[in-house]
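Just so you know, ligand 1 is whichever comes first in the structure, and atom 1 is the first atom listed for that ligand.
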Amino acid sequence: MLPLHTRATVTGGLARPLLKVLDLSEALRGRYPFDRVAVHRPPDGPDLDGTALRELGFAAVLCRGAEDRVDGLPAVHSLGNPDVVRPGDVIRVRPDAGQVSVLFRRGANANSLFVTERCNSRCLMCSQPPRDEDDSWRVGELFELVSLLDADLDQLGVTGGEPTLLGPGLPELIRRCRTALPITTLHILTNGRAFATPRVADAVRDGVGRVVWAVPLYADVPFRHDFVVQVDGAFNETVNGIHNLAERGHAIEVRFVVHAQTLPRMERFAEFVYRNMPFVSHVAFMGLEPMGFAKVNRDRLWVDPLDYGPALARAASSLQGRGIATSIYNVPLCVLPRQAWPLARQSISDWKNVYDPACGECAVRARCCGFFASYGAAWRSRGIQAIRIEEAAQ
Ligand code: SF4
């Protein structure tokens with residue numbers, strides 16, 4: 001697990017906080033404007049010609065220590081954890097706070113654009129509790145960030161908060177991604193409620209064929225879903241939003257988070273999706289991430305996955321078996337019935353993915369999702385145990 005933030009020292013005045021970090025050879029190819037690039041100087045690398053770099057207009061040098069700086073160029077150096085930033089990454093530098101944050105990590109199993117902390121729902125298990133402060137400044141930063149991403153990305157997440165609260169900023173973000181990232185699919189996590197208004201669904205037309213809308217739905221009936229998201233009327237808005245998007249040709253993933261408040265309707269939810277939304281491209285059943293509101297509400301949410309495993313296997317297999325692609329996220333293999341293993345994915349972003357001490361001897365660790373870094377004794381299933389080689393082969 002590699003963190004996304006580290007301490008750093010900045011010398012010289014940076015013109016912009018966002019920088020693409022590149023080795024000199026890649027920087028000189030000119031794919032990214034020089035004034036947005038921090039040239040990476042590895043500890044054992046050749047000397048850099050500071051005068052030439054300055055004349056070319058590079059923004060900065062990223063180097064190991066103060067002694068590796070280049071005359072006349074701003075430098076980001078003395079990182080608390082030098083492994084946090086690598087060539088290809090996009091970083092935000094806060095000289096006053098002495099902090100570097102990685103906004104894009106080349107080669108990571110998942111990268112996302114975090115678009116807002118605001119949300120119009122209050123889900124009981126939200127891992128990223130919303131805040132009502134105006135953070136519309138993020139939109140401008142995101143537009144800049146998109147232009148610094150690797151153009152060969154297969155997939156890019158968009159998350160929050162609720163992305164539709166960006167208003168016209170969301171269609172514009174989609175358009176900019178289409179231009180800067182011509183082969184990338186956007187995977188946008190939204191509660192879908194705003195798309196109940198046809199005008200809002202119309203506005204994201206540029207996402208057709210380029211966006212998968214990942215929409216959580218927590219039940220087959222309004223009262224249960226509305227209770228989980230803590231908003232009356234949310235179920236009807238989300239279901240109407242899903243249909244409005246589908247009518248306009250969009251790809252949709254439906255997400256179901258498994259916990260004590262959703263479990264009683266999980267199998268009926270699967271039937272509901274099959275009967276009412278057979279057009280969805282994917283259904284994801286997800287284990288809890290023990291963060292944010294989920295931690296606060298642990299006693300109302302916790303069910304040992306070992307206990308819901310058989311029902312989860314039935315619900316997921318019923319959809320998969322009837323032609324709707326289905327996955328299970330965030331549930332370790334050792335607590336799942338064997339029939340569900342083919343549907344289980346390594347779903348946890350690598351920067352927050354850990355394994356239990358028991359996993360050290362496990363024969364299926366390489367294909368198991370493991371755990372969120374925030375899990376602890378209160379969230380540990382009594383079913384966690386290493387799978388032996390002979391068991392894995394059965
Ligand atoms: S022991 Fe660890 S690696 Fe093995 S299945 Fe369980 S959680 Fe996964």
(message) Looking at atom 2 (Fe) of ligand 1, is there an N, O or S atom belonging to C334 that lies under 2.8 Å away from it?
(response) no
(request) Specify whether an N/O/S atom of C368 falls short of 2.8 Å from atom 8 (Fe) of ligand 1. (result) yes
(request) Write down the atom of Q230, the atom of R122, and the distance for their closest heavy-atom approach. (result) CG-O, 3.2 Å
(request) Quick one: sort the Y218 and H259 rings into parallel, tilted or perpendicular, breaks at 30° and 60°. (result) tilted
(request) Quick one: sort the F279 and H243 rings into parallel, tilted or perpendicular, breaks at 30° and 60°. (result) perpendicular
Check each atom of ligand 1 against the heavy atoms of [X] and keep those under 4.0 Å away; list them by number with element.
X	result
R365	3 (S)
A386	1 (S)
Q385	1 (S), 6 (Fe)
F371	7 (S)
P332	7 (S)

(request) Find out whether F195 and H250 are in side-chain contact, i.e. whether some heavy atom of one side chain is under 4.5 Å from a heavy atom of the other. (result) no
(request) Could you grab the distance from atom CG of L19 to atom CG of L62, nearest 0.5 Å is fine? (result) 8.5 Å
(request) Measure from atom 4 (Fe) of ligand 1 to every heavy atom in A363, C362, G370 and give the option owning the shortest one. (result) C362
(message) Looking only at the aromatic ring of each residue, does the gap between the centers of W379 and F372 stay below 6.0 angstrom?
(response) no
(message) How far is atom 2 (Fe) of ligand 1 from the closest protein heavy atom, and which atom is that?
(response) C359 SG, 2.3 Å
(message) Test your reading of the model: is there a side-chain donor-acceptor pair from R54 to the backbone of D71, 3.5 Å cut-off?
(response) yes
